[in-house]
Engineer: 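Input: one structure, supplied below.
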Amino acid sequence: MVQPSESSPSANEPAVVRIAPPGTGPGFESGSSQRSVQFGHDLPAGEDPTTHGLNPQQLEAVTYRGPALLIVAGAGSGKTRVLTQRIAGLIRGREAWPSQILAITFTNKAAAEMRERVEEQLGGAAEGMWISTFHSACVRILRREAEHFGFKKNFTIYDSSDTKVLIKRLIKELQADVLGLTPGNVASKISKLKNELTDVDAYARDANMSDPTERMFVELFRRYTRELARANSFDFDDLIGQTVYLFRAFPHVAAAYQKRFRHILVDEYQDTNHAQYSLIRELTRAPQPEPDDYLLGAGPTGIEAASLTVVGDSDQSIYAFRGADIRNITEFERDFPGAKVVLLEQNYRSTQNILSAANAVISNNFDRKDKKLWSADGAGEKIIGFTGYSGHDEAQFVADEIEKLHSEGMSYSDMAVFYRTNAQTRALEEIFIRSALPYRVMGGTKFYDRAEIRDSFGYLVSVVNPDDQLALRRILNTPKRGIGPATETQLATFAETNGLTFRDAMRNVEGLGLGPKVTGSIRALSDLLDEAAELADTGVVADVLTLLVTRSGLLETLRNSRDPQDEARAENIEELQAVTKEFEKNNPDGTLIDFLTEVSLVAAADDLDDTSGTVSLMTLHTAKGLEYEAVFLTGIEEDLLPHKMSANEPGGPAEERRLFYVGITRARKRLFLSLAMTRAQFGETAVAMPSRYLQEIPAELIEWRQSPGMVNSRGGQQSRALNSTGRRGFSNGRGGYGGGSDQPPALPRPEKKAWPNQVTNQVRDNSTLELVPGDRITHVDFGEGRVQQVTGEGAKRIAHVIFDAAGPKKLLIKIAPIEKI
DNA sequence: CAGCAACTGTTTTTT
DNA sequence: ACAGTTGCTG
């Protein structure tokens, strides 16, 4: 069996899988204080490595044997440890071969981590085990079985933006935009339907076809489905849904997997959607006897259904928006009669203060099983609260506190900043860059979303999967080679009328009667793709990419451009070449298809880099499953958390509260909650109100450095740094707010734009500014100060300054808003 | 067909 | 604020 691609790290961070040394770096949920005793080789003689060091509930979860087991694992209760020891125990006790194990995790990174830890327990005997995400596992199955239902095994995967491009084209063709249908809303509706395993025909049966918008939507859905099939492609949702379809339509195919996988384990079960649930149901069915078995008189197969272990926490269900159905976990016992349930409530991660805050917040969600996390490790430090005047002010607080923790000996990689929306990174990044703080934004998937990278992938996909018309159209005139929309349409029509693929139309371009110049361009492109395909059969991925980007002129066009940004774009392509070389190194037998599959399925959390020594920035969603010594939860404001888009949705506010809960429970020792009074949005500054969830935390757990009540409308004139130091103890014992009131005081209403965005408007370049210790400087926010020391080289020179009022700061000289006096 | 200026809507979260 | 798109001109 081919080794799965999920055992290699994401192509974005292509080095070897990194495991943080105990106690450092962002760990996966593992019960940090238990870590030192978890591996067999540390044990005294005679101890059972599978069960050593477990509490009674964990022990039960590891050793229980039966058809179905639900482990209700509160945050930080050591569930990953329980899962890995359970797997190791099954294999060590000869109850299962590695190849009979299927473990499903939420991200590739979590899968790699789990594999690593199982191997460590077993001394490397995990060969043949499937530990992967739902999507990766389904790709593996589909590649092997695609030919059963009209796909080829070289299929490619459409990500959400590919999907949108295709739908956009269809909307244009059908002029569906006049009915208010946009690529966004059509794509999300189709995705929802697929998550419910509803296909076009099923939907059309119940649709109100007298409604023109509805009728149009059905037509779009139908064409979208047809186009995907024609392009030999699956979208994200298809990967799951089509696998379920495959199993249901071809019982003998399903039986092969039902027989193979004897133990199925699913992590983060609370976030499974209906399609994923159905997949698990199919896999845990007892295999049906095949026709041949009857002929041989074998009767029923006699093979029992696989055993199923699921781990989850309904309080951490945060993906309802993409179809996750909390009932999958709440009704588990009904779905699998005779299921055993084990509750893990002891927390090995956080201090009691942090857990008490988390418990208090989540207890406001009614309709949940009461569950209280507790720790044996003591109260710990208080939670720190802070209210800034603006998002930048808040960011400055975060940066200052990070510096402080760092100077006290905490590694940057042990700290993380969370936020609700990706847009909030801007202010944080600006301040962090200025403060010369090493940071890294997780997810955002920025690299693979850049146009030049997508173009490069367009070439690669066109080579691997010539049926993909979308990829071909993307590269047809990129770089510019004189093939406009008119020519593109002619090619498409020619293909249509002659029953050819778009790619074949290109191969026969001479038959179209186009101008000699255009014909020549298409011929050259077509030949290049053929040559690359030949190379892909024998050569390595990196060479194929190099051939394509050089011979197509993509790279050269960018290099010769006079747009200064194109230089960076060319560098991005070179970085992609480096990524393919790394892939090559990690997967010596990896094909181009493997490479494309891997990058298609990287998740936001997959590019975590444990050893990089940087602060991690990420959304609350990405943070799930991770833990850090110190956590900063930013933007704890109404309309942001809970987000205003969630207000109308049923269950919205409760889900947002779970999101807050997830954020709180990521912290081991230190937790910081911050908000701003005004926040820039759409370039305009709007007033923000403290989040309702803040009041749910008992006041005695929070020490407000600057409470919402302390901030007044004149505050914008003062620098935060002037009045934030040394004040403490504003709790009054009742509400969560300082300043003497029980309820969050009504915030003042400053005029719009009362405090124009002080940071972003200032584009400056101080790269020529020379500073030496002793110089007096003035800073836009911090006032006057004296340079103590200058470190770093060139563009990275950092001034260490003690400001008269704001105290010590580090500034990146190139971009800091400073002047020499 | 390419390049430029003006104009739009967009931001909730993600495999 | 910004990117992506439309519409005009050469």
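Order of the sequence lines fixes the chain letters, A, B, ..., with proteins taken first and strands second; residue numbering starts at 1 for each chain. Owing to the predicted nature of the structure, the values given are computational and were not obtained by experimental measurement.
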Engineer: Quick one: does A:Ser233's side chain have a donor or acceptor within less than 3.5 Å of a partner on A:Ala231's backbone?
Structural biologist: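 Yes; judged by distance alone, with no hydrogens or angles, the pair exists.
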Engineer: Between C1' on C:dA3 and CZ on A:Phe682, what's the gap in Å once rounded to a whole number?
Structural biologist: 14 Å
Engineer: Between the side-chain atoms of A:His643 and the base atoms of B:dT12, is any donor-acceptor pair under 3.5 Å?
Structural biologist: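 Check fails, no donor-acceptor contact within cut-off.
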Engineer: Could you state the CG-C1' distance from A:Asp449 to B:dT14, rounded to the nearest angstrom?
Structural biologist: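 Atom-to-atom, A:Asp449 to B:dT14, this comes out as 12 Å.
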Engineer: Round to the nearest Å and state the distance from A:Asn185 atom CG to B:dT12 atom C1'.
Structural biologist: 16 Å
Engineer: Without hydrogens or angle criteria, can the side chains of A:Thr182 and A:Asn185 be said to hold a donor-acceptor pair below 3.5 Å?
Structural biologist: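 On atom types as modelled, these side chains qualify, holding a pair under 3.5 Å.
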Engineer: Under a 4.0 Å threshold between the charged nitrogen and the carboxylate oxygen, would A:Glu268 count as salt-bridged to A:Lys79?
Structural biologist: yes
Engineer: How many whole angstroms separate atom NZ of A:Lys109 from atom P of B:dT14?
Structural biologist: 18 Å
Engineer: Hey, can you tell me if A:Tyr257 and A:Phe247 have their rings parallel, tilted or perpendicular (30° and 60° cut-offs)?
Structural biologist: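 Tilted.
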Engineer: B:dT12 P sits how many Å from A:Glu655 CD, rounded?
Structural biologist: 14 Å
Engineer: Check whether any side-chain N or O of A:Asn108 sits under 4.0 Å from OP1 or OP2 of B:dT15, and answer yes or no.
Structural biologist: no
Engineer: What is the distance, to the nearest angstrom, from the CZ atom on A:Phe236 to the C1' atom on B:dT14?
Structural biologist: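 Rounded to the whole Å, the gap is 9 Å.
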Engineer: Could you tell me the separation between the CD atom of A:Glu488 and the P atom of B:dC1, rounded to a whole number of Å?
Structural biologist: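 One finds 10 Å between P of B:dC1 and CD of A:Glu488, rounded.
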Engineer: Check whether the aromatic ring of A:Phe321 stacks on the base of B:dT13, taking stacking as ring centres less than 5.5 Å apart and planes within 30° of each other.
Structural biologist: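 Stacked: centres under 5.5 Å apart, planes under 30°.
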Engineer: Between B:dT15, B:dC1, C:dT5, which nucleotide has the shortest distance from any of its atoms to the side chain of A:Ala486?
Structural biologist: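 So the side chain of A:Ala486 is nearest to B:dC1.
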Engineer: If you assign A:His135 and A:Arg420 each to the DNA chain B nucleotide with the nearest heavy atom, which residue ends up on the more 5' nucleotide?
Structural biologist: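 Nearer the 5' end of the strand: A:Arg420.
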Engineer: Under 4.0 Å from OP1 or OP2 of B:dT12: is there any side-chain N or O of A:Asn422 that close?
Structural biologist: no
Engineer: Name the nucleic acid region contacted by A:Lys168, choosing base, sugar-phosphate or nothing; use a 4.0 angstrom heavy-atom cut-off, strictly under.
Structural biologist: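 Touches sugar-phosphate only.
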Engineer: Is the shortest side-chain N to carboxylate O distance from A:Glu173 to A:Arg169 below 4.0 Å?
Structural biologist: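 Result for this pair is yes, salt bridge flagged.
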Engineer: Phosphate oxygens OP1/OP2 of B:dT14: is one of them under 4.0 Å from a side-chain N or O of A:Thr622?
Structural biologist: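 For B:dT14, OP1 or OP2 has a side-chain N or O of A:Thr622 closer than 4.0 Å.
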Engineer: Nearest of C:dG4, B:dG3, B:dT13 to any side-chain atom of A:Lys480?
Structural biologist: B:dG3
Engineer: With DNA chain B as reference, determine whether A:Asn477 or A:Glu656 sits nearer its 5' end, using the nearest nucleotide of each.
Structural biologist: A:Asn477
Engineer: What's the closest nucleotide to the side chain of A:Met645 if the choices are B:dT14, C:dG4, B:dT11?
Structural biologist: B:dT11
Engineer: Scan A:Ile483 against the nucleic acid and name what it touches under 4.0 Å (heavy atoms): base, sugar-phosphate only, or nothing.
Structural biologist: sugar-phosphate
Engineer: On the nucleotide B:dT14, are OP1 or OP2 found under 4.0 Å from the side-chain N or O atoms that A:Thr619 carries?
Structural biologist: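 Result: yes.
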Engineer: Under 4.0 Å, counting only non-hydrogen atoms across every strand here, what does A:Thr182 touch: a base, just sugar-phosphate, or nothing?
Structural biologist: nothing
Engineer: I need the CG-C1' distance between A:Leu601 and B:dT15, as an integer number of Å.
Structural biologist: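 One finds 8 Å between C1' of B:dT15 and CG of A:Leu601, rounded.
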Engineer: Any side-chain donor-acceptor pair under 3.5 Å between A:Asp238 and A:Tyr158?
Structural biologist: no
